Each structure stands twice: as structure tokens, then as C-alpha cells.
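Since we're looking at a predicted model, the values are computed, not measured. Ligands are counted one by one from 1 in listed order, and the atoms in each one are counted from 1 as well.
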Amino acid sequence: MSRKEFVAALYQHYQRYKEPHFTHRRFKQADILPLITALSAEKGFTIELLGTSTEKRPIYHLQLGKGATQVLLWSQMHGDEPTATMALFDIFRFFSTSDELDPYRQVILENLSLHFVPMLNPDGAEVFKRRTALNIDMNRDALQLVNPESRLLKNLRDRLKADFGFNLHDQSTRYSVHYTPFPATISVLAPAYNASKEVNPVRERAMCLIAAINEDLQTLIPHQVAKYSDEFEPRAFGDNMQKWGTSTILLESGGYPNDPEKMFVRQLNFIAILSALYAIAQKEYEKYTVEQYYAIPDNRTQMRHLILRKVLLEQEGISYRTDIAFELREHTCSDGRSVYYQAVVDDIGDLSTLYGYQEIDCSSFQVSFGKVYPQEVYHLAQARKLDFSQLMAQGYTALRYKGQDWQEEYVPKDIPFNLLRGNHTRTEDVVSIDKNPDLVLSQEGKVKYLIINGFVHQPEKLTQLGNGLVR
Ligand SMILES: [Zn+2]
């Protein structure tokens, strides 16, 4: 029985504990309330109504365990940062299950009292925005406590005199591990409690615990953990929790290749938090050092969705080779839950310090702009009958759509093209910042790749990864 074996078992048996209710990131409080109600019937769980949000949504405190060490975990104080909320419900399922990992459960629940506040900002989550209903960033409200949600968190901390705090967030997928091609899939921080970034025993405990978490995560995602700048932010919760005497760790869920809904990153949260709880229960963090914490690489923002290297462009009357980075902007679909993407050119030039989740070396390709298929399409069913592979092989990236059976701004995933409405007859045919050109990459006259709304397609290998746009 060791933490290492615990981590391996949690990874291997995750499907047992995964809360099946969550399949995408834009869930609302109405999705988690029935899960909380169901937990109130589970042995060992105590559920307390802490209070309500500005828009009168209830905020619950779930308690587990009888130990002397008080651990407070809260998620989603930023409404559009839900990854850890899903992981907390996985953790609740873990504790309401009985199996060969019972000895670990026992160690945690006998030594710790666990206090969870999942989805601290339900009003923000309702519309998938960062701020609260008062349009205040809760993480700059730890001193003024204007938001009712901020007061609930502060009062709970003071009542428990929490020994440890877990401040659970999401970060942009642009974060990288220093200047390396590795995304910062998880970022960590033991926030400073003063401007001179001193280390007292409270902060030291947080740093050592993070060193333990980093060791655990390295076995699952080598090189993909980074640490945040510890610049003191006098208004933030993490910094003030540390000042108030709670050893606080920040965990940020970042990007992972081909995981747009962050389901693998959620699994990593589940494992990292549980193994951290075990490390606290066994006081294993005492075996780690502040130096190990400082040795975790800093995070930078070098990751981009797609980078095309050494593209031969002819613009402004000259031809030149350069790199092009595409980023994706996320938009919420009209159902309020699913997502569509809009690509933009984010950078052009020598991008040797940036890294793509996907990269294509274009040094042997001719590059041209995508063509519009001349035949008009009157409904989506008609579009679906087209031979997309053949059209792609001819360099087409857009269809002229005259139908009325689709009112959204994005194209259903099974049609890999852009749709042009009305009098639009051309795709964007300039490579420039914030533009979204369709590009065709060919070799000896043969189309190899097409970039359609920032997603990479191949004529002979159709995928349904991205979405086109309706213009
Ligand atoms: Zn956040």
C-alpha cells in the first residue's frame, strides 16, 4: 500500500468511479443538484446548504470523514472553469464505492475531514462566463467580499479553520511548460501571502504537497506540469487563504491534445486530488522540499492550436516563407451546452518559439486558397450526398448554401466544409492576423491537406473533428 500504487490503481480503474452524467463541459447547476440530492442518501456524506448565490441558486457544502485535519476544496469560482467540478463528483463516487482500495479510503477518512464546495459560482456557470452575476471576478473579491458567494467561502474557511485548501480552476490551452513543446496540462501554485513572497510554515506545507502531486502526475503526463508565477495578488482568494493560515494549493486544468472537452484532464484532477489527500493523511508531504517545488518549470503561453511551418506565401507582390499559427475561438451553440469553433490567424512570422498541438511542415508544399464549389446546395441532406473526398482532392473548401434548414453559425460536423450563404461567393483569401483563410496544401499537384476553419483535413482520410462556419 503506497501512494504510487494508489495513483496507478486510480488510473487503471477510473471507469468505475467516473460520474457518467458529465459528457461535456458546459453543464449547469441543474445538472449537479440531482447528484447532490442522491449523495445525501449515501453513508458518510453530510450535506449542508451554505447559502445562495446572487441569483438565488443554492450553494452546498459536502462533508466526509472524521479526522482532525480540515481540508477545504472548492471548484468553479470562475463559472467557465468546470473541469475540477466533474472530478469532484468522480471523487464522491469513489468514496461511495467499496472495493480493494478501501484501505486508502480508510486512511483518508480517518485522518481528514473533507469539505467540498463544488461549483461555487453557479450563476456564472449558467451562462458559461468567468464572473459572477454581479460581473465581479470572485478571485479579486477576497478582501471586499461583495459577492455573496465570496462571503460563503470565507465564512466556511473561518468556521473550519481549514488546514489545507484546494483552489480548483481551468487555464487557457495556450499554456506551455516553459519554452517547450509540452502543454501545461496541469499548472500548480502555492500562492504567496505577501509581496516579498516569503515562505512560512503554512506556505511551505503547500509547496511540499505540490511537490508530491507533481511526482504523481509525472507518472501519467511526463513533462506536462508547470507552475504559475507567485506574484502576490492582494485581492485573490488563494493568496489570502495562505495569509489566513490555510495551506493553499492552486490546481489549473490546461490543454491536452485531442481532449477539447477535457475529459482526460478531469481524470488527472481526480487522481491528483485523491493522491494529495492520501499524502496529507499520511503526512507524506513532509518528505518533500521547497526546492522540489521551485524546480517545477514555470508556465508560459507558447501553445497554439495549429502551426504551419515554412509556408510559401505570395502577397504584396513578393514571395516569402514564413510560419502561420491558427487559434480557435470557442462559441457556445444555441442549445447552451455544446460548442463550436471559429479559427483565426493568431500570428505570422518566425514562430520558432511557439508550438502547435498540431504542426505541419509546409516546406515541400504549394499553398493556395480553398475554392468554392460552384453548384448551389438547397438543403443539408443534399450537401451530405456530395463526395467530400473527391471535392477536397480538387481543392474545394466551401459550398454555396441556398437552403433554409440550418440557422446556426456553424456547420454540422458531418459536413467538413464552410457554407456560404446569400451573395458570398468567395472564402477569405488573405493570410492576415484575425482572418480565417481556407488553405490547400499540395505536393506535385496533388492535394495533401486542407485547412478549413483551422481544422486539418486530408482528402483520403475524412474525419469529424472540427466544424466549418456558415458565412
Ligand atoms: Zn480561474
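Of all N/O/S atoms in His78, ND1 sits nearest the Zn ion (ligand 1).
In this structure, Tyr228 and Tyr175 have tilted ring planes: the angle between them lies in the 30° to 60° band. Under the 30°/60° scheme for interplanar angles, the aromatic rings of Phe92 and Phe45 are found to stand perpendicular.
Here the Zn ion (ligand 1) is the vertex; the OE1 atom in Glu81 and the ND1 atom in His169 give an angle of 100° (to 10°).
Cation-pi check for Lys161 over Trp244 is not met; the charged atom does not lie both under 6.0 angstrom from the ring centroid and within 45 degrees of its normal.
One finds the SG atom of Cys208 at 12.0 Å from the CD1 atom of Ile249 (value rounded to the nearest 0.5 Å).
The Zn ion (ligand 1) lies at 2.8 Å or more from every N, O or S atom belonging to Asp170.
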